[in-house]
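Structure record follows, encoded as structure tokens.
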Amino acid sequence: MSTTGKNTTAAATERPPVFSVDGLWKVFGPKAARVPADPDLTALSPAELRSRTGCTAAVADVSFDVRKGEVFVVMGLSGSGKSTLVRCLTRLIEPTAGSIVIDGEDVRAMDRSRLRELRRHRAAMVFQHFGLLPHRTVLDNVAYGLEVQGMGRAERRERAAAIVAKVGLEGLEQRRPGQLSGGQRQRVGLARALAVDPEVLLFDEPFSALDPLIRRDMQEEVVRLHREEGRTMVFITHDLQEALKLGDRIALMRDGRVVQLGTPEEIVGSPADDYVREFVRDVPREQVLTVRTAMRPAANADEAGTGPAIRPEATVSEAIEAVARAGSAARVISDGRCLGVVDAADLLSVVAGTAAAGSRAAGAARVGAAATGERREPTGPRPATTEEPV
Ligand SMILES: Nc1ncnc2c1ncn2[C@@H]1O[C@H](COP(=O)(O)OP(=O)(O)OP(=O)(O)O)[C@@H](O)[C@H]1O
């Protein structure tokens, strides 16, 4: 579980939104539209709402932005509303209330042809069950979306062949889906979505049917593609490890609501409530939390001036290694400035979960902001004033 390659820099968090979702509801059941509009009904628990109205609020007042170039993970247990939420983004499911905007354009106002173009070109979906055409070859399955777009045969086959190679399926172009393993089929599904060069890739639990090793391969494939292409991705999963591994930010859903929205580090280091705390209880904190969370101001000039230098994004696990090797506290250095120091005790208290993350990096105020989906940048502890070249 490494955070390597993630968009955790300030530049990434300042990128413009691709999708902006505000006050989104999807209610299933009779006279669904009255539910979001009635505060007496919106205040009910899911069970009460069902017994009073026969309705289920699969998505309940959800707001967030997906920023350009990020991997945005929607995570939650079965039935929490993940699929409904992501299907609402391109109106595969029609929302009941709220707004969805893609690149400034109102998705709810799109007519049929505009919606078709949205789904085909701008926000392509990779499904769990592949959805491949059984009688077509790998190459023709990948070229299918280009065919629908009206691209000529030679051009689309050339383009499809390049994408097939990109996802590691070279040599299998002429096979049919029935002659492939589950992992290979999922690669075809991924290649097909990539072939149309969409602005956003939407993944609906794409790897949950794969065995663990192939699943890990595919996760690495996604990380690699993301790193190479910087494509915006929305990824649904019920698997916390997968969410932490892939997500720049994670929206954790429960009963249709987003209970916390934040970076893996924020979710693990500063759970918004007991539900999230229980969810992340078994996560190896040292692999997710960074030294930003663990560091403290240097006690004196001596501490600020000696010891190994580590980056603020280094994980606590990496810092433990550096501190153990050096036998002294490490300095957290960014742009030649010493932001703080970490010693063995600081690092141990993060591992043990006794470090008050709320009072160190992830301030209590941010937890509130994350829970409501408000955009707010992670803040580190107050930097030490010591100027120190690395
Ligand atoms: N067509 C429908 N009619 C009525 N209720 C529905 C419908 N589709 C989904 N629901 C309900 O909405 C809630 C959210 O379902 P959804 O499929 O979005 O959850 P999920 O988190 O994606 O679950 P899973 O991980 O099992 O796919 C559930 O309570 C589900 O029963």
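Each ligand, and each atom within it, is numbered from 1 in the order the structure gives.
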>> Between Arg311 and Ile333 (side chain of the first, backbone of the second, donor and acceptor by atom type, cut-off under 3.5 Å), is there such a pair?
In response: no
Quick one: table the atom pairs, ligand 1 N or O against protein N or O, below 3.5 Å, distance rounded to 0.1 Å.
residue	atom	partner	partner atom	Å
ligand 1	18 (O)	Thr84	N	3.0
ligand 1	18 (O)	Thr84	OG1	2.5
ligand 1	19 (O)	Gly81	N	3.2
ligand 1	21 (O)	Gly79	N	3.4
ligand 1	21 (O)	Ser80	N	3.1
ligand 1	21 (O)	Ser80	OG	3.4
ligand 1	21 (O)	Gly81	N	3.0
ligand 1	21 (O)	Lys82	N	3.1
ligand 1	21 (O)	Lys82	NZ	2.8
ligand 1	22 (O)	Ser83	N	2.9
ligand 1	22 (O)	Ser83	OG	2.9
ligand 1	23 (O)	Gly79	N	2.8
ligand 1	25 (O)	Lys82	NZ	2.8
ligand 1	26 (O)	Ser78	OG	2.6

> Which residue pairs pass the side-chain hydrogen bond (donor to acceptor under 3.5 Å, both in side chains) test when at least one of the two sits in residues 155-171, sequence neighbours left out?
Replying inline: Asp140-Arg157, Lys166-Glu229
> Is a side-chain donor or acceptor of Arg175 paired with a backbone partner of Gln179 at a separation under 3.5 angstrom?
Replying inline: yes
> With no hydrogens and no angle check, is any side-chain donor or acceptor of Gln260 less than 3.5 Å from a backbone partner on Ala272?
Replying inline: yes
>> Tell me if the centroids of the rings in Phe203 and Phe72 come within less than 6.0 Å of each other.
In response: no
> Can you find a side-chain donor-acceptor pair between Thr293 and Glu265 that sits under 3.5 Å?
Replying inline: yes
